[in-house]
Amino acid sequence: MYKFNQKLISAVILALSLTACSNDTSQTSTETTTKPKETSVSEKVANAILPSAQAATYEEITIKTGGFNLGKPASKEEIAGWHIEVSHGHNLPPGEGTAADGEEFFEEVCANCHGSFGEGVGRNPVLAGGEGTLTDKMKPERTVGSYWPYASTLLDYTHRAMPFPSAQSLTWDQTWSLSAYVLYLNDIIEDEDFVFNAQSYKEIHMPNENGFIRDERPDTHNTRCMKDCKDPASIKVKTALLGYGSGAEDVVEETKVAKGHELGQKIYDGTCRLCHGTGLAGAPKIEDTLTWEHRLKQGLSKVHKHAINGFSGQSGVMPPKGGNMELTDDEVKAAVDFMLKDIEQ
Amino acid sequence: MSDKNTIKDQKSLSQQKNINSRRKFLSQAAATTAVVATGGAAANNLPPNVPEWQRHLGKPVNSNPYGQPSKYESSVRRLRVPWLTPDSIASISFTPLAEIKGMISPNGLAFERDHGGLPTIDPEQHRLMIHGLVEKPIILTMDDIKRFPNVSRIHFIECPANSAMEWKGPQVGRLQFTHGMTNCCEWTGVPLKYILEEVGVKPEGKWLLVEGADSASMSRSVPMEKALDDTLVVFGQNGEALRPEQGYPLRLLTPGWEGNTSIKWLRRIEITAEPSYQREETSKYTDLLNPRDPKRKDLIGKAYLFSWIMEAKAIITFPCPEKPLKEHGKYVINGLAWTGTGKIKHVDVSFDGGINWVQAELNGLVLDKCWTRFSIPFEWNGEEVLLQSRATGEDGYVQPTLKQLREARGVASIYHNNAIHTWKINKNGEVESVQV
């Protein structure tokens, strides 16, 4: 059992109760009249340096609403370009696709992070499986198939934010076919030639559609118990698994001191690997030595320049600094140098 | 967020690291003591000597046109936990709560959660479109937005995943990581109701789809009631323009609600009849339930949808793992408390792991949906102490114990962990994150 110095703690508490109660008449006024009034050092300290707080409110703004007549009317074309969401039951986009269409494309652009079967690579989201695990106490697996209530969300998010390095680059046909493939991986679409489109959408039923309830909080009902609130014998102390550093500190220190290829690898891991590790968006893979040798014929400084300022080539687009504008030019160069370190120059 | 395997993989490594960092901590502490005790170069600046910096002129005024903290504060910074997220782009940084000196988080230290990286947005080319079930769809420039009546409000923002790592057991051992997914700033912006009046919401318009201009086009559904209540369209943060990490040039602020609904880089508001069931309000930010309470078995496998409010929470910021007690004697325990339902009414502190409680004092301003400081004096003579704090809101809601939360929801719901937290002060003055 955990041992306390009860004497110390009760002494401190007594002194502090007085301090606290004297500033609050609503909660414990009966206690203040029954306890002896004596001024402890703690109380003096508290009163000297800690003014008690008063609840404050803002002045209300009194300007009447309406009629500012600001902005310009949004045209139909302007709205159409930005009106991207897909909602359950309405706003379904044009186009169509099948799981069979989606499979190859998924392998090409999605599997790098989500795995060929939607199993998730590293800590990237698992898209398929998890059926029947939502009632698991410790490890429920929330996937598109096991958890998501509506297929519209899959269409919406795929089109809105995927593939991760190049959002809003998919056509609606690609979106329908990739979504069909993800539903196929989850056995929600069973026929790989099922044509998924706005008409057939209503035939799709997500297994967990009825798994959601509106927030029922507050769902805990603690009371403001002040004394003998639990059995001291019930206290078992569990200490933190990861301790003080929790896996973060060393990384910060390394970033600060890293130089050369060490720095380059950090930058590569954080920014470049997503595309250059997988060949996403037409990016030359780090191990494609021939491609790099070909590029290096233009000279290293040109490769550096393209990496820093961006480049549109035949196979794809290199965004400036790989899309991470926080990087300095030297950091981008270090990343390039790291990527090319095994190539004859 | 709390992938079991990865956590397991980290365990042995981290235990090793834990020992190393513990040693480092002790050797640093020893080094500090040595300097104070024996002198060295620093001692030349102590009485009766005249300090070196007093004997010559300082730098010219405005040597640094945008001010920076003292170089001695360089360790005060946001941190990331690399193993938490798949990459450093869709990721999160934590506010160093142990270093916060009041009720405001400085702009450079306010935690940041991005889902598609940090966009760099030219305010001249940024637009806010409002359309959908409205009489007059419009597009506003930043200049237009700043012509509406604007207000300044101090509110906390808290990611609903704050303390998420702690559901199954104590995992991360420092305040920055157990509680640092929160910030509190003075936000300046336009009450959304002014903008909605401008477009004329149709009677069937009951919801808003709000969307950001980041690569994730981060999007959430917000009910009209909240939009007309205290929701702001914000362009200012602590007296200057919003920081990019907080949504420059424009963000939504839904005070007291989970941070994800305060869409950053706000570019579009669509008025709709129904919620849009976006990814971040179905697959994420929903609370999967597995109540331990046998009376709530019917909820096993169900999930809370639209659990917006951040409930009352208090945390002791001194002492804490980052700020151990270096010697015996008198101290003032400090902390922060907040609730998404309104004002903090009380904060109580326990020194014995929750058996007995004492009311702390609230310090400074007590504001709606805002960090509220609390403190209580304490004398420490080397004993082990189990320190806890417990917030009560003006609505009467009392911050729950972890046991109560687990009874209501189990341990795998990820979000909205507002349990009472425990610091254990060890005999040597170090402070550990524990659960009791």
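Computed from heavy atoms alone, side chains included, the values below leave out hydrogens, waters and symmetry copies. Numbers restart at 1 for each chain; the letters A, B, ... are given by sequence-line order, proteins then strands.
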Quiz item: Strictly by modelled atom types, are B:Q359 and A:R224 linked by a side-chain donor-acceptor pair under 3.5 Å?
Solution: yes

Quiz prompt | Step-by-step side chain to side chain donor-acceptor pair (under 3.5 Å) determination, B:E274 to A:S87 | solution = CA-CA 9 Å; B:E274 300 286 340; A:S87 298; over 6 Å; no

Quiz item: Where does B:D144 contact chain A at under 4.5 Å (heavy atoms): side chain, backbone, both or neither?
Solution: both

Quiz item: What do the steps show when you test A:Y147 against B:T282 for side chain to side chain donor-acceptor pair (under 3.5 Å), and what is the final call?
Solution: CA-CA 8 Å; A:Y147 195 58; B:T282 53; over 6 Å; no

Quiz item: chain B heavy atoms under 4.5 Å from A:D136: which part of the residue, side chain, backbone, both or neither?
Solution: backbone

Self-check item: Under 4.5 Å from any heavy atom of chain A - which part of B:I420
Solution: side chain

Practice problem: Decide yes or no on side chain to side chain donor-acceptor pair (under 3.5 Å) for B:Y304 and A:D219, but give the supporting numbers first. | Solution: CA-CA 11 Å; B:Y304 289 154; A:D219 54 5; 2.7 Å; yes

Quiz prompt | B:K136 NZ: over 12 foreign heavy atoms closer than 6.0 Å | solution = yes

Quiz prompt | Under 4.5 Å from a heavy atom of chain A, the part of B:E211 involved | solution = side chain

Practice problem: Search all heavy atoms of A:R123 against all heavy atoms of B:T85 and return the closest pair with its distance. | Solution: NE-N, 4.1 Å

Practice problem: Let me know if B:N150 has heavy atoms under 4.5 Å from chain A in its side chain, its backbone, both or neither. | Solution: backbone

Quiz prompt | Residue part contacting chain A, namely of B:L209, when any heavy atom lies under 4.5 Å | solution = side chain

Quiz item: What part of B:I195 is in contact with chain A, defined as an atom under 4.5 angstrom from a non-hydrogen atom: side chain, backbone, both or neither?
Solution: neither

Quiz prompt | Contact leader toward chain B among A:K236, A:H88, A:H83, A:H221, where contacts are heavy-atom pairs under 4.5 Å | solution = A:H83

